[in-house]
Each structure stands twice: as C-alpha cells, then as structure tokens.
Amino acid sequence: LPHGVLEYDFKYKVPSKSVNFALLDGFEAVLSARANSNEKLNEVKEYILTKTKGAEVVFQGEYPAWEPEENEFSTLLQEITGAELKVIHAGLECAVLKDKFPDVKMASYGPVIENPHSIRERVKIDSISRVIDNIDKLIKRLKNG
C-alpha cells in the first residue's frame, strides 16, 4: 500500500498529495489521504484503487481539501497578527466549512502547537492569549468596516 508524499507543491513548499498508513487491524487497513484540492484528492483515491489489487476499498470519513487562497480576509488577518501567510498540508476545519460555504472568505489562525497528534503534543500557552487578542482586534476591525 502507498505511504508518504505522492506529489510536492514547490510554490508553497508543502506536499500537494499524500497518503499515510494509519492503522492495521487484522485484514483491515486504514489509510489517511490528504491533498491541496479536491481534484488532487480524487487522484489520490484513484491511485489507492490501483494499488489495492481488487481488495474491497471503502472511502469514508473524508476531509475535503482546502485550496490555498489569498484574499481580503487573510490579508487583514496577516496585517493584524503580523504573521506570515503560509500553506500547510493537513486536514483543517476550514476545509469542511469551505466545502459547505464555498463563497465565504477564510483563513486558519491559531496558537502554536508542537508535535500535533502525538503523545508529545503541546500548545504554547502564551500563544493562546496572543490569538485571543488578535481575534478581538479582527472582530473590531470587521465591525467598524
């Protein structure tokens, strides 16, 4: 079964397609697929099908892709936070929301998290208060036009 980066996006310096071997339970294998667009996500699924040699394959619990976009909202958030805009290769809640509300401008912003999804996952406490302050500033700016 495939595992790892399948395609790299040199513009954003992140993988654009990947799949990881997440769990093996008896004769059942769980793979986690990620991509930077729904089109590329479908390509990953097709690739998995070519590698499974006729085994039963079920796609479920999928995270839709969220294509990188720079817009007025992300630019305003960057101005307020001073943070650099960057693309990451991960499943984010924004992807689910963007799939349901495609015309809404979105950006993901949050505290500094180290070693996510591991037993060593940590959040930098001081980054939480900074996020709260910046979200407050963002709301005030949006409210005042």
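These values consider heavy atoms only, across backbone and side chains, with no hydrogens, waters or symmetry-generated copies.
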> Is the backbone N or O of Tyr12 less than 3.5 Å from a side-chain atom of Asp9, with the two atoms forming a donor-acceptor pair by type?
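Indeed, once roles are kept as given, a pair shorter than 3.5 Å links the two residues.
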
> Supply the atom-to-atom distance Asp133 CG to Leu138 CG, rounded to the nearest 0.5 angstrom.
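Answer for the CG-CG pair, Asp133 versus Leu138, is 12.5 Å.
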
> So, the side chain of His3 versus the backbone of Phe21: is there a donor-acceptor pair under 3.5 Å, distance only?
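A pair under 3.5 Å: yes.
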
> Below 4.5 Å, heavy atoms only, C-beta onward: do Val104 and Leu97 meet side chain to side chain?
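Val104 does not reach Leu97 side chain to side chain.
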
> Any luck finding a side-chain donor-acceptor pair between Ser16 and Glu7 under 3.5 Å?
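Their side chains do contain a donor-acceptor pair, which is all the 3.5 Å distance test asks for.
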
> Do the side chains of Lys140 and Asp136 get close enough for a salt bridge, i.e. N-O under 4.0 angstrom?
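Salt bridge present between Lys140 and Asp136.
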
> Compare all side-chain heavy atoms of Lys137 with those of Asn134 and state whether any distance is below 4.5 angstrom.
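A side-chain contact exists here, since the closest heavy-atom pair is under 4.5 Å.
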
> Compare every heavy atom of Ala35 with every heavy atom of Leu41, then report the nearest pair and how far apart it is.
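That would be N-CB, 3.3 Å.
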
> Quick check for you: to the nearest 0.5 Å, what is the distance between Glu28 atom CD and Glu56 atom CD?
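So the CD of Glu28 and the CD of Glu56 are separated by 9.0 Å.
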
> Are any of the side-chain heavy atoms of Tyr8 and Lys13 separated by less than 4.5 Å?
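SC-SC contact between Tyr8 and Lys13 confirmed.
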
> Is it the case that over 12 heavy atoms from other parts of the model lie below 6.0 angstrom from the CD atom of Glu39?
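Open.
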
> Is there a chain of hydrophobic side chains (I, L, V, M, F, W, Y, each step under 4.5 Å between heavy atoms) that links Leu1 to Ile48?
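They do share one cluster, since a chain of ILVMFWY contacts under 4.5 Å joins Leu1 to Ile48.
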
> Report the residues that fulfil side-chain contact (heavy atoms from CB on, under 4.5 Å) with Asp99, sequence neighbours left out, ordered by chain and then residue number.
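Here the qualifying residues are Asn38, Pro64.
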
> If you compare all heavy atoms of Asn36 against all heavy atoms of Ala65, which two are closest, and at what distance to 0.1 Å?
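Closest approach of Asn36 to Ala65, heavy atoms only: C-CB, 3.9 Å.
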
> If hydrophobic clusters are built by linking Ile, Leu, Val, Met, Phe, Trp and Tyr wherever their side-chain heavy atoms come under 4.5 Å apart, do Phe10 and Val87 end up in the same one?
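No; tracing contacts between hydrophobic side chains, which count when under 4.5 Å, never links both residues.
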
> Which heavy atom of Pro2 sits nearest a heavy atom of Leu31, and at what distance?
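Distance-wise, the nearest heavy atoms are O-CD2, 4.3 Å.
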
> If we only count heavy atoms from C-beta on, is the Met106 to Trp66 side-chain gap below 4.5 Å?
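Yes, their side chains come closer than 4.5 Å.
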
> Between Thr81 and Leu77, is there a donor-acceptor pair closer than 3.5 Å when you use the side chain of the first and the backbone of the second?
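Judged by distance alone, yes, a pair lies under 3.5 Å.
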
> Establish whether Tyr109 and Phe73 are linked, either directly or via other cluster members, by ILVMFWY side-chain heavy-atom contacts under 4.5 Å.
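Same cluster: Tyr109 reaches Phe73 through Ile, Leu, Val, Met, Phe, Trp or Tyr contacts under 4.5 Å.
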
> Are the charged groups of Glu114 and Arg120 less than 4.0 angstrom apart, N to O?
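Not counted as a salt bridge, because no side-chain N and carboxylate O are separated by less than 4.0 Å.
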
